[in-house]
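What's counted below: heavy atoms across the whole structure, side chains too, no hydrogens, waters or symmetry copies. Quick caveat, the model's predicted, so the values are computed rather than measured. Atoms within a ligand are numbered from 1 in the order they appear, just like the ligands themselves.
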Amino acid sequence: MSAPYRLAEMTTHEAADAAARGTVVVVPAGALEQHGPGMALGTDLVRAEAVVGRVAERLAGRVVVGPSVPVGVSPHHMVFPGTITLTTTTFAAVVREYVTSLHRHGWTRFLVVTGHGGNNAALTTVAQDLLVSHPGVQLAWSPLTSLAGDAVAALDPSPVHGHSGEAETAQMLHLAPHLVHTDRLEPGTTTPDQLDDVSRAARHHAQPTLTLPYDRLSANGVLGDPRRATAEDGAAIVTAIVDRITAFLEEWPAA
Ligand SMILES: [Zn+2]
């Protein structure tokens, strides 16, 4: 039987051995937020955990899968029922305290794989602070879908696409089809002319950044047309993501 690679399934002696071997701790992070009328609230965590599980299988013995962070930074989705948000400071504190706890036991490299873009800014903040407070720690984080730009482009998604759209729905059809209600999928905002002037302007990069609640972007919380997603497209996207995260981990120097 192979050795456990999930921290929660290890004994304290096995954890000590894993840290001494220089393993990387990989932590899935998600969100509990609306994903339109046809997909589950836990979509981002499902995708992050699935990707991390596949990466861990490929890198057997070289990574330890840490406990997930199941709820993330989702204030922009709070108008939609079921959504839970942590403040940025709470989310950052959870990640920082996972990392600093495990650093005391000898681990130095950590990768948070987040299925939710709303966590990105807080993860960067934690990594910046650790440079000063814990110079012996390396904290990396990775998004999912944006690692697979080529595979997403191959879907020929709507001019406006993203949250709960073609690419995200395709991943779920591949990974967890029981959480996709295909009969309830509805298109959301698919073209820039469906956005109001402020929302449209906020999508451009060459100007100040404006953070808006999601109902300003899409009445049903969806960007793109999830009805066009297929499990085959999802498999291509997930494979590209797993390939890129695995390559990063294989090349990551220990110090
Ligand atoms: Zn999502």
Presence of salt bridge, R54 and D243, under 4.0 angstrom: no
R228 and D225 ion-paired at < 4.0 Å: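 Answer for the salt bridge query: no.
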R216: salt bridge (Lys or Arg N to Asp or Glu O under 4.0 Å) partners, not counting sequence neighbours: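 Only D196 meet the salt bridge (Lys or Arg N to Asp or Glu O under 4.0 Å) criterion with R216.
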Distance-only donor-acceptor check, side chains T191 and Q194, under 3.5 Å: yes
E33 and S74 side chains, donor-acceptor separation under 3.5 Å: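 Yes - a donor-acceptor pair under 3.5 Å links their side chains.
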Mutual orientation of the aromatic rings belonging to Y214 and H76 [parallel < 30°, tilted 30-60°, perpendicular > 60°]: tilted
Polar protein atoms near the Zn ion (ligand 1) [N, O or S; cut-off under 2.8 Å]: H35 NE2, D44 OD1, E168 OE2
